[in-house]
Q: 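Once you've had a glance at the structure underneath, I'll fire off some questions.
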Amino acid sequence: MEQFNELMQARLTKRQKLLERGIDPYGGRFEVSESVAEARRNPTAEREVTLAGRIVSHRDMGKSMFADLKDSTGKIQLYIQKKVLSDEQFDLFKHFVDLGDIVGVTGKLFVTHAGELTVRVEGGTLLSKAVRPLPKEWYGIKDTETRLRQRYLDLILNDKVRETFVLRSRVVAEIRKFLDDRGFMEVETPMMQPIPGGAAAKPFQTHHEALGIDLFLRVAPELYLKRLLVGGFEKVYEINRNFRNEGISRRHNPEFTMLEVYEAYGNYETMMDLVQGMITSVADNVLDRLVIKRYDGAEIDLTPPWRRIRYRDLIEERVGKDWFTISAAERRQRAIAMGVEFPKDAPDYEVSNAVYEKTIEPTLLNPTFVTHLPAELVVLAKPSKEDPSVVDVFELVINGQEIAPAYSELNDPVIQRQRFEAQAAGHAEKLDEDFLLALEHGMPPAGGMGVGIDRLVMMLTGVESIRDVILFPQLRPQA
RNA sequence: GAGACGGUAGCUCAGCUGGUAGAGCAACGGCCUUUUAAGCCGUGGGUCCUGGGUUCGAUCCCCAGCCGUCUCACCA
């Protein structure tokens with residue numbers, strides 16, 4: 001049971017009194033002449049403007065008062081004078097408009113002695129009476145839980161947060177534009193899949209009543225996008241959510257946004273050019289710069305060309321030229337000595353990979369294409385012609401995180417079936433026969449790539465947590 | 001899943017060795033017509049996360065739980 005506290009009661013009383021006076025405290029259509037930002041861009045003295053927004057602070061001086069009005073584009077000061085307004089209107093502002101209320105005002109622009117562009121209010125309307133108090137803007141809200149559970153308050157009070165999400169939207173728009181300009185077509189493929197494929201992550205399960213079947217929220221769109229390559233769409237992409245039923249951390253949210261791109265007749269190298277062009281162009285157009293300052297002061301330089309290095313070479317460079325010539329037992333010992341942990345029964349390639357993931361990847365701040373990973377690590381990629389123990393792939397690492405993996409996609413249906421069978425380890429029901437059927441009809445050789453949009457935005461905005469770039473990150477429901 | 005830390009007014013926080021709570025801002029009532037983190041005077045506002053325990057007495061100590069933050073684990 002919600003206790004109506006005193007603060008709320010005072011506001012509810014005001015709401016009631018307004019209704020009794022025949023004033024609707026919740027307004028209706030209100031036509032503004034411009035946004036706050038537009039008003040600021042044309043600060044001609046005595047120009048009349050009509051603006052709408054939320055009152056985020058106010059300073060009552062008796063027969064006059066100042067208030068700050070905030071809309072989606074910015075903030076502007078209002079000057080409300082008794083001598084300018086009718087008694088009724090002045091009374092409305094003085095006694096009925098509170099912090100957090102949404103109002104519409106008309107008045108003329110002027111600049112105060114303190115140099116602040118201000119609207120001398122000549123008339124106003126209450127458009128929404130907030131019956132809960134808004135924290136005073138200066139103090140804001142800091143409690144992470146409140147910020148996330150009541151993101152709207154976070155957005156009202158914390159400009160940085162608002163800017164991050166505006167920027168995210170522009171990043172996604174730029175990515176679409178970049179791909180559309182190059183002849184890629186955006187498509188949508190199933191979120192609910194009978195067999196979750198394209199990644200080895202744990203899926204969420206659901207049930208379709210009418211069909212009487214279990215379905216899984218997708219962990220990746222890959223296998224459906226490849227069906228489209230079979231179908232003759234040669235350049236396709238999808239920007240949409242993936243769902244993985246795994247831990248939540250600074251870098252993981254159960255649902256996250258992924259861009260997947262496929263280009264027929266391309267390979268992992270054409271994907272390198274594409275992603276390098278795409279990310280630098282996005283940074284250039286959205287941020288207007290290629291060097292990004294991170295939350296901890298570290299810098300990320302996106303200036304191309306980006307470093308390309310083979311997985312083996314990178315490991316040798318970092319942990320010793322002899323890493324791959326010593327015995328597997330010695331590798332284990334050295335890895336343990338470095339403080340790297342892995343399961344006791346981990347195969348040799350996983351020991352090296354643990355060393356890569358724990359000690360090398362986090363140090364790669366500037367963009368690095370790590371290429372030619374061991375075939376065991378990647379089941380959907382083509383083996384390399386000169387060395388079949390590795391695959392034609394890259395992992396693009398920026399900001400110490402994997403931002404984009406890309407492959408020369410495996411299109412031999414016989415090898416693909418073998419890899420799936422090895423992976424399914426006897427669980428025939430996990431084999432996506434429908435996908436294999438499509439591959440058997442012939443898929444063109446292709447380059448394919450996934451780009452983690454959340455992590456890309458984290459990198460571009462220099463924030464520390466994935467929750468800073470997802471509007472409503474997953475939280476435990478409130479008790 | 002494990003560990004560390006935390007949960008006190010609408011917001012931001014303080015609260016000693018155990019004696020049933022404080023500040024600033026916000027709110028309410030005053031004064032003040034170019035202020036801007038406005039100021040001054042006054043008033044009201046608390047399930048100190050929840051439940052047990054110890055104690056004459058618990059916001060404080062102990063136990064359990066809930067929730068959160070961080071780290072680790074999991075994570076193509």
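Residue numbering restarts at 1 for every chain, and letters A, B, ... go by the order of the sequence lines. Quantities reported herein were computed from a predicted structural model and do not represent experimental measurements.
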Q: Would you measure the distance from the P atom in U59(B) across to the matching atom in G22(B) and give it in whole Å?
A: 14 Å

Q: At what distance, to the nearest 0.5 angstrom, does CD1 of I398(A) lie from CG of L365(A)?
A: 10.5 Å

Q: Pick the P atom in C60(B) and in G53(B), then give their distance to the nearest Å.
A: 14 Å

Q: Say we look at A23(B) and A14(B): how far apart would their C1' atoms be, to the nearest angstrom?
A: 7 Å

Q: Between V379(A) and R120(A), which has a closest nucleotide on RNA chain B that is more 5'?
A: R120(A)

Q: Compute whether any side-chain donor of one residue and acceptor of the other, for E260(A) and Y262(A), lie under 3.5 angstrom apart.
A: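 Present: a donor and an acceptor within the cut-off.
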
Q: Rounding to an integer number of Å, can you tell me how far H113(A) NE2 sits from U36(B) P?
A: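 Between P of U36(B) and NE2 of H113(A): 12 Å.
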
Q: Considering only C28(B), U34(B), U33(B), which nucleotide approaches the side chain of S64(A) most closely?
A: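 Of the options given, the side chain of S64(A) lies nearest U33(B).
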
Q: Quick check on contacts: within residues 38-45 of chain A, what sits under 4.0 Å from RNA chain B by heavy-atom distance?
A: none

Q: Just by distance, no angles: are the side chains of R294(A) and N399(A) close enough, under 3.5 Å, to form a donor-acceptor pair?
A: yes

Q: Mark up nucleotides 68-75 of chain B, 5' to 3', with B wherever a protein heavy atom is under 4.0 angstrom from a base atom, S wherever such an atom reaches only the sugar-phosphate, and - elsewhere.
A: SSSS-SBB

Q: Take E46(A) and R120(A) through the test salt bridge (Lys or Arg N to Asp or Glu O under 4.0 Å) and record every step on the way to the result.
A: CA-CA 9 Å; E46(A) 300 309 312; R120(A) 187 186 299 105; 3.6 Å; yes

Q: Where does the angle between the aromatic ring planes of F369(A) and F394(A) fall among parallel (under 30°), tilted (30 to 60°) and perpendicular (over 60°)?
A: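 Perpendicular, since the angle between the ring planes exceeds 60°.
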
Q: Please state how far atom NZ in K94(A) lies from atom P in U33(B), giving the value in whole angstrom units.
A: 10 Å

Q: Would you please name every residue forming a side chain to side chain contact (heavy atoms under 4.5 Å, CB included) with K358(A), sequence neighbours left out?
A: V340(A)

Q: Does G68(B) have a Watson-Crick or wobble mate here (both distances under 3.5 Å), and if so which one?
A: C5(B)

Q: Is there a donor-acceptor pair closer than 3.5 Å between any side-chain N or O of R331(A) and the backbone N or O of W323(A)?
A: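 Yes: the side chain of R331(A) pairs with the backbone of W323(A).
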
Q: Under 4.0 Å from any atom of RNA chain B, heavy atoms only: list the residues of residues 76-93 of chain A that qualify, in numerical order.
A: Q77(A), Y79(A), Q81(A), K83(A)

Q: Check this one for me: any side-chain N or O of H95(A) less than 4.0 Å away from OP1 or OP2 of A27(B)?
A: no

Q: Report the distance from atom CZ of F110(A) to atom NE2 of H113(A), rounding to the nearest 0.5 Å.
A: 9.0 Å

Q: Could you give the side-chain donor-acceptor pairs of residues 215-230 of chain A under 3.5 Å, partners two or more places apart or in another chain?
A:
from, atom 1, to, atom 2, distance (Å)
R218(A), NE, R241(A), O, 3.0
R218(A), NE, N242(A), OD1, 3.2
R218(A), NH1, T189(A), O, 3.4
R218(A), NH1, T189(A), OG1, 3.2
R218(A), NH1, E238(A), OE2, 3.0
R218(A), NH2, E238(A), OE2, 3.2
R218(A), NH2, R241(A), O, 3.4
E222(A), OE2, K226(A), NZ, 2.9
K226(A), NZ, E409(A), OE1, 2.7
R227(A), NE, D434(A), OD2, 3.2
R227(A), NH1, L223(A), O, 3.0
R227(A), NH2, D432(A), OD1, 3.4
R227(A), NH2, D434(A), OD2, 2.8

Q: Are any of R59(A)'s side-chain N or O atoms less than 4.0 Å away from OP1 or OP2 of A38(B)?
A: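 For A38(B), OP1 or OP2 has a side-chain N or O of R59(A) closer than 4.0 Å.
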
Q: Report the distance from atom CE of M8(A) to atom C1' of G45(B), rounded to the nearest whole Å.
A: 15 Å

Q: Count the heavy atoms belonging to other residues, nucleotides or ligands that lie under 6.0 Å from CE of M192(A), then report whether that count exceeds 12.
A: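 Not more than 12 within 6.0 Å, no.
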
Q: Please classify the nucleic acid contact of G198(A) as base, sugar-phosphate, or nothing, using heavy-atom distances under 4.0 Å.
A: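 Base contact - G198(A) has a heavy atom under 4.0 Å of at least one base atom.
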
Q: Ignoring backbone atoms, test whether K14(A) places a side-chain nitrogen or oxygen under 4.0 Å from the OP1 or OP2 oxygen of C28(B).
A: yes

Q: Do we see a donor-acceptor contact under 3.5 Å between the side chains of D71(A) and S35(A)?
A: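 Result is no, nothing qualifies.
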
Q: When the distance from CE of M61(A) to C1' of C32(B) is rounded to whole Å, what number comes out?
A: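 Checked: the CE to C1' distance equals 7 Å.
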
Q: Taking the C1' atom in each of A9(B) and G46(B), what is the distance between them to the nearest angstrom?
A: 6 Å

Q: In chain order, what residues pass the ring-ring contact (aromatic ring centres under 6.0 Å, His included) check against F243(A), with sequence neighbours excluded?
A: none

